[in-house]
Protein chains: 4
Amino acid sequence: MGKSKEEKRNRILQAAISVFAKKGFFHAKISEIANEAGVADGTIYLYFQNKDHLLISIFEEKMEEIITRVRRAITPIESNAEKLQKFIEMHASLVIENPSLSHVFQVELRQSGTFMKQYKPVKFQEFLEILADIVRDGQKSGEFKTGIAPGVLKRAVFGALDETALNWILKGRKYDLAESANQLAQLFLSGILES
Amino acid sequence: MGKSKEEKRNRILQAAISVFAKKGFFHAKISEIANEAGVADGTIYLYFQNKDHLLISIFEEKMEEIITRVRRAITPIESNAEKLQKFIEMHASLVIENPSLSHVFQVELRQSGTFMKQYKPVKFQEFLEILADIVRDGQKSGEFKTGIAPGVLKRAVFGALDETALNWILKGRKYDLAESANQLAQLFLSGILES
Amino acid sequence: MGKSKEEKRNRILQAAISVFAKKGFFHAKISEIANEAGVADGTIYLYFQNKDHLLISIFEEKMEEIITRVRRAITPIESNAEKLQKFIEMHASLVIENPSLSHVFQVELRQSGTFMKQYKPVKFQEFLEILADIVRDGQKSGEFKTGIAPGVLKRAVFGALDETALNWILKGRKYDLAESANQLAQLFLSGILES
Amino acid sequence: MGKSKEEKRNRILQAAISVFAKKGFFHAKISEIANEAGVADGTIYLYFQNKDHLLISIFEEKMEEIITRVRRAITPIESNAEKLQKFIEMHASLVIENPSLSHVFQVELRQSGTFMKQYKPVKFQEFLEILADIVRDGQKSGEFKTGIAPGVLKRAVFGALDETALNWILKGRKYDLAESANQLAQLFLSGILES
DNA sequence: CATGAATGAGCATTCATTCAT
DNA sequence: CATGAATGAATGCTCATTCAT
């Protein structure tokens, strides 16, 4: 029963991801999400405050999962260069595995005023901080150059990955995103490795 | 006469940029744009097909200006490394000079279904191609490494700049964007310069 | 429950007839209909597709009732001449009983593009066919002359009744419509009775 | 020049008939009429008060012509029965000759609130009075029965003709309207001729 | 007389959210 | 907990009409 409740919540969340990706946040109708989730319209409001928070919940909960996965994969690696490479690889893999979710993250999230203006995307900061930590550690250990601030680099890497992934999605996923990610990894490593 | 008409069109365009940036595309009201432009609601429809095309016109016309400015600044420079640096510097300058327009480009444009799905952002491709050309030329002349595809690099640079600028805008323009841009330039140059 | 829903639908239909008759189809506001029906604007759209279909539904449902009433009144009569007379009498009675509905039928229906161009007024044909059947039967039995086609006569009788009723309504219902109808009945009977 | 002015007025009137018939009164745009007449939008307002009066002017001026033609054709005839027959024949001929105008008369005129409620269609009364006069004269001379009021008969005949013509137009003018008119003439004559 | 750019009133429709059952 | 009928706020766009040129 408790399980059934959690399951229903998840059905709604998955339906929302699917409908947001297909129709866009503004044109997505609660009734369509409810229909796809197999619940009544009103039921959604028993699990989520409103449409905006449904979007935000997608972000927070999926981001939480992603952060956990990425951390688990990176922690055992010793070399910070390899950690960075792994991070970039995983970003591509995650996009490839879940294009609908990626679409929601890259396009639809920006359509929520609540998300863009009022809500502080803590989980996003946390995700970026994984990158900043790698950089900081690499700089401290002497692996990486120190000319660039970790806060700048984390955004540069993320921005590059994000734009690359967005293009891949909008262009119809026609080329090899993993290969592009690989080139990006080489680029950034060449840029920061102490020679 | 012709001037007055062109002027009115520009007033509408500027008002739209301002209102879109303040309220977001979906919450921006035509009546508010009209009011800020000092024209009647209906007048807007003498110059633009509809709200979507108003947004698209902002993109096309402003992008055209930007492309021209960037090309003019880059052409006389001989070194491709310096060209790339100049491009990055200018991106930051343009964002600093016109934050409202930047906001529209980075956030609001994604809210138009017409823009995202039906319209081909030719001007955006053209803008990115400036970057790709620099990379291609640098690789051909031996200035740059050849391991990375120009098509990948152009998105990496743009994505990094875009994310950096977006953060600067959303965080309230509290730090020195030009300095961040400078670090990015060093990062990318370190990454691609043939040693 | 089911009754309450049907009742609400009927309240909307009656309100629409009343408002269409008062203001004309184009100038009638949905909000006014909703107000007169005691429901919210949006509720109307739970029962009817749009304004056009509201008008068409009035026609179809009321015409259905009328056809039933007329058929029930005519069937037991043996003489076709008396049937025709009864039909004419009833037409006048129906107009007198429900002037708003008559106004909608005679004037407002023509303002709906959907009704005039796309929709096939099946119920109207069915109504006219009652007349055509009387004529056919009368001609077959020898009661009526055979010089006129039933299809022509049905329109002649209906047109005469309709124009007479329209004038009565537009002139403010100042004279005795039943008496005019009676004269029309004599006219048509004189015209078609086999002597 | 004086001629040119009258000519321009007529071009506008013809364009209006054509556009009203094609698009319907409400959906007809002044700009389309102006375009079809080869004048500027504003010019129409130099010749007609507004859209409503444009419709009314069509009615009045064309009706005037029709009344004149019908009177001219009927006056020389001596027998009132033959006059009635001639009237009916001419109605059909006029509809056949000018279907667009007929459409405007039968359908579009009812869409003008001004026409239906505020304006007194004097010319229409005058047209019907031709019929009433024939009946009155026939009844006085003993040709026609006296049981029916001329005022009732005139509407009956007109209504029958109008409905018949409307059907002919809406059904795509596929059958012989003149033959239907002929049957109607026989019907009404049988109905009123003193035997 | 003629033009046509500018005006601005006017309204159907959608859909997130609520709440009685 | 779940339902889904009902609500009602909110706004882009059209087009008859005007009037400065």
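Protein chains get the first letters and strands the later ones, always in sequence-line order, with residue 1 at the start of each.
In this structure, the side-chain contact (heavy atoms from CB on, under 4.5 Å) partners of D/His103, at least two apart in sequence or on a different chain, are D/Ala21, D/Val107, D/Glu108, D/Ile169. Residues passing the side chain to side chain donor-acceptor pair (under 3.5 Å) test with C/Gln14: none are found, sequence neighbours excluded. Taking A/Arg110 as the reference, nothing meets the salt bridge (Lys or Arg N to Asp or Glu O under 4.0 Å) condition, with sequence neighbours excluded. For D/Glu65, there are no side chain to side chain donor-acceptor pair (under 3.5 Å) partners two or more places apart in sequence or in a different chain. Qualifying ring pair (Phe, Tyr, Trp, His ring centres under 6.0 Å) partners for B/Tyr47, counting only residues two or more places apart in sequence or in other chains: none. Remark: B/Asp52 engages B/Ser112, B/Thr114 in a side chain to side chain donor-acceptor pair (under 3.5 Å) (not counting sequence neighbours). Scanning for side chain to side chain donor-acceptor pair (under 3.5 Å) contacts around C/Asn10 gives an empty result, with sequence neighbours left out.
Distance CD1 (C/Ile44) to P (E/dA12): 9 Å, rounded to an integer number of Å. Going from atom CZ of C/Phe48 over to atom P of E/dA12 covers 15 Å, rounded to whole Å. Between the NE2 atom of D/His53 and the C1' atom of F/dT17 there is a distance of 15 Å, rounded to whole Å. The CD-P distance, from B/Glu7 to E/dA5, rounds to 17 Å in whole Å.
Projected onto DNA chain E by closest heavy-atom contact, C/Asn50 and B/Thr43 fall at different nucleotides, the more 5' of which corresponds to B/Thr43. If you find the closest nucleotide of DNA chain E to B/Leu46 and to C/Lys51, the one lying nearer the 5' end belongs to B/Leu46.
Across all strands shown, C/Tyr47 has heavy atoms under 4.0 Å from sugar-phosphate atoms exclusively, and none from any base.
Closest non-hydrogen pair, D/Phe26 versus D/Lys51, comes out as O-NZ, 3.4 Å.
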Could I get a table of every N or O pair under 3.5 Å where one atom is in the protein and the other is in nucleotides 18-20 of chain E?
none

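For residues 10-28 of chain B, proximity to DNA chain E is found at no residue, defined as any non-hydrogen atom under 4.0 angstrom from a strand atom. Contacts with DNA chain E (heavy atom under 4.0 Å) in residues 29-40 of chain A: A/Lys29, A/Ile30, listed by number.
Counting heavy atoms from C-beta outward, D/Asp162 and C/Asp162 have side chains that stay 4.5 Å or more apart. Looking at C/Asn98 and C/Lys62, their side chains never come closer than 4.5 Å, going by heavy atoms from C-beta outward. When side chains are defined from C-beta on, B/Leu109 does not count as touching B/Ile58, because their heavy atoms never get closer than 4.5 Å. For the pair C/Phe124 and C/Glu60, the minimum side-chain heavy-atom distance is 4.5 Å or more.
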List the atom pairs, with distances to 0.1 Å, where a side-chain N or O of residues 32-44 of chain B and a protein N or O form a donor-acceptor pair under 3.5 Å, not counting sequence neighbours.
from    : atom 1 : to      : atom 2 : distance (Å)
B/Glu32 : OE1    : B/Lys23 : NZ     : 3.2
B/Glu32 : OE2    : B/Lys23 : NZ     : 3.0
B/Glu36 : OE1    : B/Lys22 : NZ     : 3.4
B/Glu36 : OE2    : B/Ser18 : OG     : 2.7
B/Thr43 : OG1    : B/Ala40 : O      : 3.4

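Where pairing requires Watson-Crick or G-U contacts shorter than 3.5 Å, the helical stems of DNA chain E with at least three consecutive pairs are E:2-21 with F:2-21.
Between A/Lys8 and F/dC1 there is no side-chain N or O to OP1 or OP2 distance below 4.0 Å.
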